[in-house]
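Each ligand, and each atom within it, is numbered from 1 in the order the structure gives.
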Amino acid sequence: MRISVIGCGYLGAVHAACMAKLGHEVIGIDVDEQKIGALSEARSPFFEPGLDQLLKNVQETGRLSFTLDMAEAEGSGVHFICVGTPQKYGENGADLSHVNAAMEALLPYVRPDDIIVGKSTVPVGTAARLSIILAEHEPRAHLVWNPEFLREGHAVKDTLSPDRLVYGVADGSDDHAAVSVLDEVYAAPLSSGTPRLVTDLPTAELVKAAANSFLATKISFINAMAEVCEAAGADVTRLADAIGMDDRIGRKFLNAGIGFGGGCLPKDIRAFMARAGELGADQALTFLREVDAINMRRRTRVVELTRELCGGSLLGQHITVLGAAFKPESDDVRDSPALSIAAQLQLQGAVVTVTDPKALKNAAKRFPELRYEPDLDSAIGGADALLLLTEWQQYRELDPFDVSSGVAGLRILDGRNVLDADKWRAAGWHYRGLGRP
Ligand code: UDX
């Protein structure tokens with residue numbers, strides 16, 4: 001099939017490459033010259049494991065190309081909208097300007113029977129609104145919503161073998177013309193057993209908002225338990241192990257620590273609350289305000305714990321922050337709790353050095369006032385305290401004896417509860433976890 005993918009960021013670039021991998025002829029379109037320049041040379045504009053190699057492989061087949069010119073979307077039977085929907089400046093709601101602009105730019109090239117497939121995370125009701133715009137322009141084309149559930153760091157695998165496919169179509173029926181077209185697009189994962197659900201448009205939009213809200217709630221639940229554990233002298237990691245053995249609860253997403261960040265969960269729960277308010281259903285989601293508040297409280301708690309760890313004052317303390325990305329295997333620093341904590345510590349008088357294997361360039365753009373050191377040994381050298389805030393494998397594997405020789409003080413705060421506390425203590429370190437005695 002010939003497919004266009006509009007928006008080539010974290011979602012669209014991976015989607016375009018994966019669709020070509022599945023055998024389709026794909027044109028990726030974006031307004032950002034740098035992105036298109038890099039992608040055209042089979043270079044990913046961001047770090048995503050496996051993406052560079054995949055881009056190279058599929059571009060060699062001739063099935064994938066990139067352009068700035070929307071006119072090249074013409075002739076594709078399927079157009080995926082993959083642009084970003086960031087949080088509006090100073091408001092909770094989602095900024096839909098990129099979705100609206102993509103749609104407007106695409107309309108002149110839409111032919112009868114084409115389908116436009118929204119993948120971006122949007123407030124419920126957006127698809128219905130865009131359907132009306134499409135119908136005015138080309139009544140024989142269809143608009144469907146097919147939310148994306150990929151996780152950064154696992155995006156290629158999540159796209160090639162998703163755990164489910166959701167198609168939102170106007171009448172919610174399996175017989176809708178767009179269903180068989182999408183079945184053809186996703187023929188490979190469907191034939192490997194990926195379940196697919198056909199829903200109406202608002203349900204498909206809500207599936208994504210609900211899934212991310214549930215994940216955020218799970219993380220904040222365990223972080224709330226961490227607060228109670230701290231007060232009671234209990235260990236939240238053992239508590240999570242124990243409740244996670246109940247398969248109605250499950251152990252995944254129960255890792256207490258510095259909380260969630262990234263380009264999705266924080267802004268998606270806020271946009272969901274804002275939209276529910278517009279619909280008169282705000283009471284239903286007031287709990288998400290608490291989820292958000294618990295999450296943000298983790299950051300303040302880490303600053304306080306670091307102060308305690310440093311003997312009561314942060315002034316002039318040399319603190320090394322291990323990890324800047326919002327999670328490992330990513331260079332994404334959007335709403336990264338690690339960076340937000342690093343900046344807070346610096347504001348309160350500490351001398352902060354941040355290291356990360358992939359995210360320093362992006363981090364420096366966001367917080368130019370922090371000191372960045374790519375070399376781990378140099379970053380650690382002379383530190384009064386270490387803070388492990390993003391659980392990259394190389395930080396999980398640090399040996400407390402090896403690290404001891406370079407630092408000024410044997411103090412470590414494990415913001416992700418991934419280190420062996422006994423081992424670090426046995427090596428003479430003052431170890432603090434979150435929600436652990
Ligand atoms: C998320 C959803 O998982 C994905 O389905 C959706 O499509 C986009 O949003 P992503 O933002 O890539 O994906 O990251 P995710 O792996 O969900 O992690 C989000 C944040 O939660 C990270 O900051 C991570 O460190 C944190 N987290 C995750 C925890 O603090 N504890 C956990 O147990 C799990």
Side-chain angles (χ1 to χ4, degrees), residues 9-12 14-15 46-49 51 82 84-87 94 119-122 146-159 162-166 204-205 207-226 236-237 239-241 243-244 249-272 291-292 294-299 301-302 322-341 356 359 388-392 395-396 414-418 433-435:
Y10 284 99
L11 165 60
V14 174
H15 193 67
F46 48 86
F47 173 68
E48 179 61 44
L51 183 57
C82 295
T85 52
Q87 188 174 341
K119 289 199 86 68
S120 308
T121 303
V122 291
N146 169 222
E148 183 56 63
F149 304 105
L150 64 80
R151 297 159 300 166
E152 288 178 28
H154 306 269
V156 172
K157 183 189 152 283
D158 286 353
T159 308
D163 49 17
R164 78 285 209 194
L165 287 161
V166 175
E205 292 168 308
V207 167
K208 178 61 187 278
N212 275 357
S213 299
F214 192 84
L215 294 173
T217 303
K218 222 176 160 186
I219 300 168
S220 277
F221 172 82
I222 202 65
N223 281 330
M225 293 305 108
V236 73
T237 62
L239 179 130
D241 291 342
I243 63 172
I249 297 174
R251 180 64 177 81
K252 287 183 187 159
F253 268 67
L254 282 185
N255 295 320
I258 63 172
F260 59 81
C264 291
L265 298 192
K267 65 110 177 150
D268 286 352
I269 62 169
R270 291 173 194 152
F272 197 19
V291 166
D292 203 357
I294 294 167
N295 193 50
M296 297 317 269
R297 240 179 6 242
R298 301 315 289 162
R299 303 179 185 188
R301 178 72 187 135
V302 171
L322 306 174
F326 84 103
K327 68 173 193 182
E329 301 303 324
S330 171
D331 65 356
D332 193 349
V333 298
R334 287 175 293 170
D335 207 349
S336 162
L339 264 189
S340 142
I341 290 164
D356 187 286
L388 193 167
L389 300 187
T390 310
E391 67 277 32
W392 287 94
Y395 306 152
R396 289 168 171 261
D414 179 5
R416 299 290 188 170
N417 289 331
V418 290
L434 295 183

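Between Y395 and R416 the shortest side-chain heavy-atom distance does not fall below 4.5 Å.
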Full working for side-chain contact (heavy atoms from CB on, under 4.5 Å) between F149 and V207: CA-CA 10 Å; F149 304 105; V207 167; 3.6 Å; yes

Show your reasoning for whether side-chain contact (heavy atoms from CB on, under 4.5 Å) applies to C264 and T121. CA-CA 9 Å; C264 291; T121 303; 5.8 Å; no

Under the criterion side-chain contact (heavy atoms from CB on, under 4.5 Å), I'd like the reasoning laid out for D332 against F46: C-alpha separation, chi angles, the key distance, then a yes or no. CA-CA 8 Å; D332 193 349; F46 48 86; over 6 Å; no

Test V291 against F260 for side-chain contact (heavy atoms from CB on, under 4.5 Å), laying out the working first. CA-CA 10 Å; V291 166; F260 59 81; 4.2 Å; yes

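The nearest protein atom to atom 13 (O) of ligand 1, hydrogens excluded, is given as R151 CA, 3.9 Å; this is a heavy-atom distance. Among all protein heavy atoms, the one lying closest to atom 2 (C) of ligand 1 is N212 OD1, 3.7 Å. F326 O, 2.9 Å is the protein heavy atom nearest to atom 23 (O) of ligand 1. What sits closest to atom 7 (O) of ligand 1 on the protein, heavy atoms only, is L150 O, 2.9 Å. The closest protein non-hydrogen atom to atom 1 (C) of ligand 1 is L265 CD2, 4.0 Å. For atom 12 (O) of ligand 1, the closest non-hydrogen atom on the protein side is E152 N, 2.7 Å. With respect to atom 28 (C) of ligand 1, the closest heavy atom belonging to the protein is I219 CD1, 3.6 Å. For atom 16 (O) of ligand 1, the closest heavy atom belonging to the protein is K327 NZ, 2.9 Å.
Considering backbone and side-chain N/O atoms, F149 comes within less than 3.5 Å of an N/O atom of ligand 1. Between C264 and ligand 1, a contact under 3.5 Å exists for no N or O pair. Polar contact with ligand 1: present for N255 (N/O pair, distance under 3.5 Å).
For the pair K208 (side chain) and V122 (backbone), a donor-acceptor distance under 3.5 Å is absent. N223 contributes no side-chain N or O that, together with a main-chain N or O of A226, makes up a donor-acceptor pair within less than 3.5 Å. In this structure, the side chain of N417 engages the main chain of L434 through a donor-acceptor pair within 3.5 Å. A donor-acceptor contact shorter than 3.5 Å is absent between the side chain of E48 and the backbone of S330.
Less than 4.0 angstrom separates some heavy atom of F260 from each of these atoms of ligand 1: 20 (C), 21 (O), 23 (O), 26 (C). Counting the atoms of ligand 1 from 1 in the order shown, those under 4.0 Å from a heavy atom of K208 are 6 (C), 7 (O). Residue R416 has at least one heavy-atom neighbour below 4.0 Å for each of these atoms of ligand 1: 25 (O), 30 (O). Within ligand 1, the atoms closer than 4.0 Å to a non-hydrogen atom of E148 are 7 (O), numbered from 1 in the order shown. Against a heavy-atom cut-off of under 4.0 Å, L215 is close to the following atoms of ligand 1: 2 (C), 3 (O).
Of the inter-residue distances, the one linking L339 atom CG with R299 atom CZ reads 10.0 Å to the nearest 0.5 angstrom.
Under a 4.0 Å heavy-atom criterion, G259 is in contact with ligand 1.
Between K267 and D335 there is no salt bridge, since none of the side-chain N atoms of the basic residue sits less than 4.0 Å from a carboxylate O of the acidic one.
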